Amino acid sequence: MNILRRRKVKDGVPALETSAVGKTGNTAIRSASPEITSTSKSSDLSTVSEERASKASSSSSARSKPPATLPSSPFREKKKAKRSRRWGCVDNCCWLIGYVCVTWWVLLVLYNTLPSLPQYVTEAITGPLPDPPGLKLKKEGVRVKHPVVLLPGIVTGGLELWEGHPCADGLFRKRLWGGTFGEVYKRPLCWVEHMTLDNMTGLDPPGIRVRPVSGLVAADYFAPGYFVWAVLIENLARIGYEEKTMHMAAYDWRLSFQNTEVRDKSLSRLKSTIELLVETNNGNKIVAIPHSMGVLYFLHFLKWVEAPLPMGGGGGLDWCAKHIKAVMNIGGPFLGVPKAVTGLFSSEAKDIAVARAIAPGVMDSEIFGLQTLQYIMRMTRTWDSTMSMIPKGGETIWGGLDWSPEEGFNCSAKKHRGEDSGHDTLRINGSTSEELGSHGKPIANYGRILSFGKDAAEARKSKLEIPDLKDPHNGVPVRTNVTCGEIWTEYHEMSWESIVAVADHKVYTAGTVPELLRFVAPQMMERGGAHFSHGLADNLDDPKYQHYKYWSNPLETKLPNAPDMEIYCMYGVGILTERSYIYRVSPHVETCYIPFRIDGTAEGGSEGCLKGGVQFVDGDETVPVLSAGFMCAKGWRGRTRFNPSGARTYIREYDHAPPANLLEGRGTQSASHVDIMGNFALIEDIMRVAAGASGEDIGGDRLYSDLLKWSDRIALQL
């Protein structure tokens, strides 16, 4: 029992104000009179004594009784639950993400507000940084001479909307491809609809016009902070280049090469621009610098420009000799890339296979129902340009069931310049009668570009039973049992029996891959077959090779009659690059899902690098060395039937060196397919040639890979 007794001085007279008994609820309020008699004092003292005795008695009683329980309230319960909540994994993850984001934001602010800080920190770690090529050559007195024409590759050029459906209101001349890709997140289905071409014509669907962005901004940056051509443009500007001596030949990279002329007159405009550049720069010929698929696009242009009207540009057989000094091909997929096959076959490659292994529900729509890969397949199978990169030359170039030019490649040992790998040594495993490479492991059958099952990929040719790939004609299409709506693909026209037939065929080489694609996507291949060819010509004088479908295949066309024109093959090496794949049938084959997928569980076994169902060889992470360098090493070297005028060819390989720290960004010595555009050595080579140097002046051939050895294994009639 608590007793509160307080005295106040009111009008100069002390008064006893309150006496309270807290726990018994009794409250006594006594008012003091100005006139206090001795009797009242005695009475007050007696009362206080009684109250003290009562307090002692109540305290003793309270100690013997259990404490009274206060009535509960939602606030107290919530507070108690909050105190008892344990720190979980989600809390740790959220705080970690928060710390990373804040740290990155602080570093970004410092990077932009204190430009010298990153350089200071980097130099403190790695030593003084080399001068950029533009500054270095400017100090040497190198100046602008030959105008340059830049040709971007697939997906790196921006595309903008000129006409669209109601769902695209407000997007006139806004980028649908490149930039921030904001519309992908805001209205994804509308974005897919506008990026998809007509499945019958390969041109614009009704009511939609998407066109390439023009000018240097078309491909200087792919996305904010992610450069493509920006570093090269900046360095060229240091020695005097500007827009009157530098042109970005943007085109709609989704279209077949001839259709860029049919729809947009892109080839005609490129021809006129080159003629103007030469005329306004004292007759100095241009230096063409195509990258990636732009290499094939410019190869098509070289034949188009000299071909007679109306199929060609009508420039005549000497047009290239008059207007082009050099063609400096960066990362050119001259002979195609295996990953183009998997992109068309199942809309995946190494990265998708890895993502599926980590989070299968996201990629396969088992959880969220996003059907991501199906939409990607529906869209990309209308992009005819992708069919230009299907491997060319068949088994003569890429190998067959029991051989490949790159067999013996050791991905675990980095080859240094001038070393001989000694990979030609073969041994026989006595217990299994298998051929072994120099590393004591079974030979990697790179020639089997697609294999269903690891056993089929590694089995000896004599043990393979390969039935003919035929349509049973008696199956029920998948679409009969399921409704797939907007995510329809040509797989939904196949039956279960046809899908089984694809898997039972076991292996596919570069010679049978086109047959496979015609089987699973006949409409796509019929459209693509009118614009591209992937064979190997026996007689280039045959009149049929005057058709434009052969012009982007270096094995089915001749270089122009320009003996003074220089051809450079410039590409990265030292990075594992996709070469062949192991597949399996999808567990969701009888639904709207794609029926085939890379088998991410296939690992190791052979001497190559088998990781996650993918076999790797040397390259720039996208284009294998064989595709990027063979034509300069052998196909066009000297006077051959593919190079009748004897134009000089040079091989310039760039060995990959990753950035030393995060402050170096993507590095100045990277050799990966896109990052090589910021490689200082490559930029310096380009600038010297553009300023007037020849291939001999910059050092001629420079090789780090086994390209010459692999080229010698290819029995190609020259």
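Keep in mind it's a predicted model, so treat the numbers as computed, not measured.
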- Message: Applying side-chain hydrogen bond (donor to acceptor under 3.5 Å, both in side chains), can you list everything that pairs with Asp599, at least two apart in sequence or on another chain?
- Response: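 With neighbours one apart ignored, the set is Thr601.
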
- Message: List the residues meeting side-chain hydrogen bond (donor to acceptor under 3.5 Å, both in side chains) with Lys549, not counting sequence neighbours, and say none if there are none.
- Response: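 Result, side-chain hydrogen bond (donor to acceptor under 3.5 Å, both in side chains) vs Lys549: none returned.
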
Is it true that [Y] and [X] share a donor-acceptor pair across their side chains at a distance under 3.5 Å?
X	Y	answer
Glu556	Ser533	yes
Glu261	Ser266	no
Ser627	Tyr571	no
Ser388	Ser385	no

N/O donor-acceptor pair under 3.5 Å between [X] side chain and [Y] backbone:
X	Y	value
Arg209	Glu163	no
His505	Ala501	no
Arg579	Val617	no
Glu578	Val614	no
His165	Cys190	no
Thr156	Pro152	no
Asp620	Val623	yes
Thr196	Met379	no
Arg584	Gly453	no

Would you give the length of the straight line joining atom [atom1] of [X] to atom [atom2] of [Y], rounded to the nearest 0.5 angstrom?
X	Y	atom1	atom2	answer
Asn643	Thr649	CG	OG1	7.5 Å
Ile324	Leu302	CD1	CG	5.0 Å
Thr386	Ile154	OG1	CD1	6.0 Å
Met631	Ile397	CE	CD1	8.0 Å
Trp403	Asn445	CH2	CG	12.5 Å
Ile466	Thr512	CD1	OG1	8.0 Å

Hey, can you pull the donor-acceptor pairs under 3.5 Å for the side chains in residues 292-301, sequence neighbours left out?
from, atom 1, to, atom 2, distance (Å)
Ser292, OG, His673, NE2, 2.9
Tyr297, OH, Thr260, OG1, 3.0
His300, NE2, Gln258, OE1, 2.9

- Query: How about Met311: does its CE atom have over 12 heavy atoms from other parts shown lying under 6.0 Å from it?
  - Reply: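 Yes, the 6.0 Å shell around CE holds more than 12 heavy atoms from other groups.
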
- Message: Is it the case that atom NZ in Lys303 sees more than 12 heavy atoms from other parts of the structure closer than 6.0 Å?
- Response: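 Yes, the 6.0 Å shell around NZ holds more than 12 heavy atoms from other groups.
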
Side-chain contact test, heavy atoms from C-beta onward, threshold under 4.5 Å: evaluate it for [X] versus [Y] and give yes or no.
X	Y	result
Met524	Met387	yes
Asn553	Phe532	no
Leu536	Leu716	yes
Val507	Leu464	yes
Phe642	Leu559	no
Tyr583	Thr342	yes
Leu159	Arg175	no
Trp398	Pro338	yes

- Message: Suppose the criterion is salt bridge (charged side-chain N to carboxylate O under 4.0 Å, His left out): which pairs have a residue in residues 509-538, not counting sequence neighbours?
- Response: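 Output for this query lists Asp384-Arg527.
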
- Message: Applying salt bridge (charged side-chain N to carboxylate O under 4.0 Å, His left out) as the test, list every pair that has at least one member in residues 152-162; sequence neighbours left out.
- Response: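 Every pair satisfying salt bridge (charged side-chain N to carboxylate O under 4.0 Å, His left out) with a residue in residues 152-162: Glu160-Arg173.
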
Restricting to non-hydrogen atoms, name the atom on [X] and the atom on [Y] that form the minimum distance, rounded to 0.1 Å.
X	Y	result
Met377	Leu344	CE-O, 4.1 Å
Ala602	Leu610	O-CG, 3.9 Å
Asn259	Gly202	ND2-O, 4.3 Å
Asp541	Lys558	OD1-NZ, 2.7 Å
Leu176	Met195	CB-SD, 4.1 Å
Ala456	Arg448	O-NH1, 2.7 Å

Sequence neighbours excluded, which residues qualify as side-chain contact (heavy atoms from CB on, under 4.5 Å) partners of [X]?
X	answer
Ser214	none
Ala562	Cys320, Ala321, Met565
Val500	Trp496, Asp504

What about the rings of [X] and [Y], do their centers lie closer together than 6.0 Å?
X	Y	result
Phe222	Phe181	yes
Tyr548	Trp304	no
Phe596	Phe452	yes

- What residues form a salt bridge (charged side-chain N to carboxylate O under 4.0 Å, His left out) with Arg211, not counting sequence neighbours?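 In terms of salt bridge (charged side-chain N to carboxylate O under 4.0 Å, His left out), with neighbours along the sequence ignored, Arg211 is linked to Asp204, Asp264.
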
- Item | Evaluation steps, side-chain hydrogen bond (donor to acceptor under 3.5 Å, both in side chains), between Thr509 and Glu395 | CA-CA 7 Å; Thr509 65; Glu395 296 183 7; 2.7 Å; yes

- Query: Which is it for Tyr545 and Tyr550 under the ring pair (Phe, Tyr, Trp, His ring centres under 6.0 Å) test, yes or no, and what are the steps along the way?
  - Reply: CA-CA 6 Å; Tyr545 292 111; Tyr550 301 102; 4.8 Å; yes

- Query: Is Arg254 salt-bridged to Asp252, cutoff N-O under 4.0 Å?
  - Reply: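 Looking at Arg254 and Asp252, the cut-off is met.
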
- Message: I'd like to check the ring pair (Phe, Tyr, Trp, His ring centres under 6.0 Å) partners of Trp253; sequence neighbours left out, ordered by chain and number.
- Response: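 For Trp253 the ring pair (Phe, Tyr, Trp, His ring centres under 6.0 Å) partners, ignoring immediate neighbours, are Trp177, Trp383.
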
- Message: Using the ring pair (Phe, Tyr, Trp, His ring centres under 6.0 Å) criterion, which residues pair with His547? Sequence neighbours excluded.
- Response: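 With sequence neighbours excluded, His547 shows a ring pair (Phe, Tyr, Trp, His ring centres under 6.0 Å) to no residue whatsoever.
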
- Query: Does Cys569 have any disulfide (SG to SG under 2.5 Å) partners at least two apart in sequence or in another chain, and if so, which?
  - Reply: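 Once residues adjacent in sequence are excluded, the partners of Cys569 under the disulfide (SG to SG under 2.5 Å) criterion are Cys632.
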
